[in-house]
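Labels below follow one simple rule: chain letters A, B, ... track the order of the sequence lines, proteins then strands, and each chain is numbered from 1. Worth saying up front: this structure is predicted, and the values here are computed from it rather than measured.
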There are 2 protein chains.
Amino acid sequence: MSVDANIDICEVGEKKPRPADDELGFGTIFTDHMFVMEYDEDTGWHDHRIIPYGPLSFEPSSAFFHYGQTAFEGLKAYSADDGRTLLFRPWENARRMNATGERLCIPPIDEELFVRAIEELVALDRDWVPSAPGTSLYIRPFILATERYLGLKPSSSYTFAIIMSPVGTYHGRGNDPTKIYVETEHVRSIAGGVGAAKAGGNYARCLKAEVRAARKGFHQVLWLDGQEKKYVEEVGTMNVFFRIDDVVVTPPLQGTIMPGVTRDSVLTLLEDWGVKAQERRLSLTEIADAHRAGSLQEAFGTGTAAVITPIGQLQWDDLTMEINDGRTGDITGRVHETITGIQSGKVVDRFGWTTEVPD
Amino acid sequence: MSVDANIDICEVGEKKPRPADDELGFGTIFTDHMFVMEYDEDTGWHDHRIIPYGPLSFEPSSAFFHYGQTAFEGLKAYSADDGRTLLFRPWENARRMNATGERLCIPPIDEELFVRAIEELVALDRDWVPSAPGTSLYIRPFILATERYLGLKPSSSYTFAIIMSPVGTYHGRGNDPTKIYVETEHVRSIAGGVGAAKAGGNYARCLKAEVRAARKGFHQVLWLDGQEKKYVEEVGTMNVFFRIDDVVVTPPLQGTIMPGVTRDSVLTLLEDWGVKAQERRLSLTEIADAHRAGSLQEAFGTGTAAVITPIGQLQWDDLTMEINDGRTGDITGRVHETITGIQSGKVVDRFGWTTEVPD
């Protein structure tokens, strides 16, 4: 852990009051500290440091104010019953952050430094990791392009930071099945685009469809492929799985959807359980046919923030598809219980997914 | 001009040294002042003010650090020979900023306030408007989503700012014809996306293809449609025009390309001159056929930063198309001379495009 030696720590004078576990929402309250470092072409990433959480200051000509050259990640730390603090597959986030960076011309970060920075920061703010069921410490690493230049080119300088927020459930609806609206006008992503990257612009472009769906009474939007608007891509901030005729189907990773860490974990679990699963294109017509035939058994979304979210209803134009009578399905429930169990140390981690945060 | 009354002005104590007109690049030097205002849902846009140019400070949880909810505009102020300072069609920028905002769930800005803020700021920093041929004061209005929340939703608060930079030519190559690489892998935009909006994410996603093209010796990339990768969309930061068989053709505004102010001005001029022009889909195959037949007469890009840029060469896979022997074409030259003439007050403005900045 030679990298650790480089992280300077400047602790806050007075710690903030922490909210009670049963008062937690999502992403509005932040811990006492944050990790920050900068990049320039001569020095590379430098000035690794943990400092009190607080505002960052940038010239108004900074590239990321104008051209969207930003990347982020999301992962969580969990309190185990035995007192350990666990991270869930943080190396996957390190890898994906660099994959996003590669697509957006952002220089890579040493993956060991990425994970160690998270570990050091969580260790320092360990008191902030909540322990009630369904709660966790959400960790948000992000990169901003900071060159002071209005021409369009990859920035020559960057700021990387990690902030952390104690959270309850993302949707504030517990684990109730969600109602999804199939978006047929707006498009999230296309082959040759940046749909597989955690790039800021991917999220801004989704807002309007999500607002429209919410006004119609739906919780999230299901995105279709950009070419033909026929095939399932992903749901809001989640990957999506459909169980049809005892086969669990999820769209393949072909560059247009988020390569979710939870998605990958679910596929691993299904294989381990001997549940037949397929990564393949899945059309809305196939889903509607299965629904009509009574073979659409269950559906769920997966994501770090949303964990495992059962889907109770799907609206495609005029067709309302109730799924599993609006109840959480068998596989959905088992996946949810197993993943959250491993994350919180209640279920034996046979896959080596969890990492203990050292003291 | 009742709106003006609301703009508080706090002048700098000591003005910065100004660069000489012949030393100007693009977008690295900024004037003494900037305009700033904030938005929240209760108050709307408020605290309109002009203050010394300097850093802005934001909480690291601010929405635009993460989700790309940003919008911008670009226009220029010009020194006329008679001493007047002219803006070119600023109301078009006001309208387009709100069109971008509408697509990204950003609240609208009063268009009169938008233009008055620019006028007040330019008037205060009038000394910064350069006067050498080809120079101007580049004006950059932009909006940032500032709500301190990591959930994905339209921000409830925003910062709007205007900064200004005295500039020479965008490419630093004067008006030499540019070499363009037709991008056939990456895609800039698609129907149902945000390609017609000046959204930050549209620019970040283009960087990698532009870097690759530059490594191959090209100045810019020509983007094709996202559905079939057959039809011309736009070039780098410009709209694009091709003259084939005495007809000037440019792609239509169907939501995937930038509705350029210069593009619109060029179409108006061509109509005024009796030059046949068409807004229609144009395939690379048609361009290649015309090139082979000797009927591809000229091509040029248009944009606020790039003005009118002649295109001397187009590379489409293995096909190298030299256009007009790499020289600036007749229509290109005439359009360039007329637009820059109107902008700088040398050519009579019969279209009411220029606005004089009042004292």
[X], part contacting chain B, at a heavy-atom distance under 4.5 Å:
X	result
A:V194	both
A:F58	both
A:F65	both
A:E185	backbone
A:L144	side chain
A:A191	backbone
A:I190	side chain
A:L56	both
A:T70	side chain
A:Y67	both

Compute whether any side-chain donor of one residue and acceptor of the other, for [X] and [Y], lie under 3.5 angstrom apart.
X	Y	answer
A:Q69	A:Y158	yes
B:E233	B:T256	yes
A:T309	A:T178	no
B:Y53	B:K16	no

Next on the checklist: Ring-plane angle category for B:F218 and B:Y181, please: parallel below 30°, perpendicular beyond 60°, tilted otherwise.
Outcome noted: tilted
Checklist entry - Under 6.0 Å between ring centres, would you say that holds for B:Y138 and B:F26? => result yes
Count the heavy-atom pairs under 4.5 Å between each of [options] and chain A, then report the option with the highest count.
options	answer
B:A145, B:G54, B:G74, B:A204	B:A204
B:K229, B:E183, B:R103, B:M34	B:R103
B:R148, B:H66, B:K208, B:R205	B:H66
B:G68, B:G201, B:G200	B:G200

Checklist outcome for this item: With chain B, the option among A:P60, A:S57, A:C105 that has the most non-hydrogen atom pairs under 4.5 Å is A:P60
Checklist entry - Would the number of heavy atoms belonging to other residues, nucleotides or ligands and lying under 6.0 Å from NZ of B:K230 be above 12? => result no
Checklist entry - Under 4.0 Å between a Lys/Arg side-chain N and an Asp/Glu carboxylate O for B:R188 and B:E234? => result yes
Item to check | Salt-bridge present (B:E210, B:R215; N to O < 4.0 Å) | outcome: no
Item to check | Per-residue contact mode, B:E102 against chain A (heavy atom under 4.5 angstrom) | outcome: both
Next on the checklist: With a 4.5 angstrom heavy-atom cut-off, is it the side chain or the backbone of B:F72 that approaches chain A, or both, or neither?
Outcome noted: side chain
Checklist entry - Given the rule in the salt bridge (charged side-chain N to carboxylate O under 4.0 Å, His left out) test, do A:R140 and A:E73 qualify, once you have shown the distances and angles that lead to the verdict? => result CA-CA 6 Å; A:R140 167 57 58 89; A:E73 271 300 323; over 6 Å; no
Item to check | Within-4.5 Å side-chain heavy-atom neighbours: B:D40 and B:S156 | outcome: no
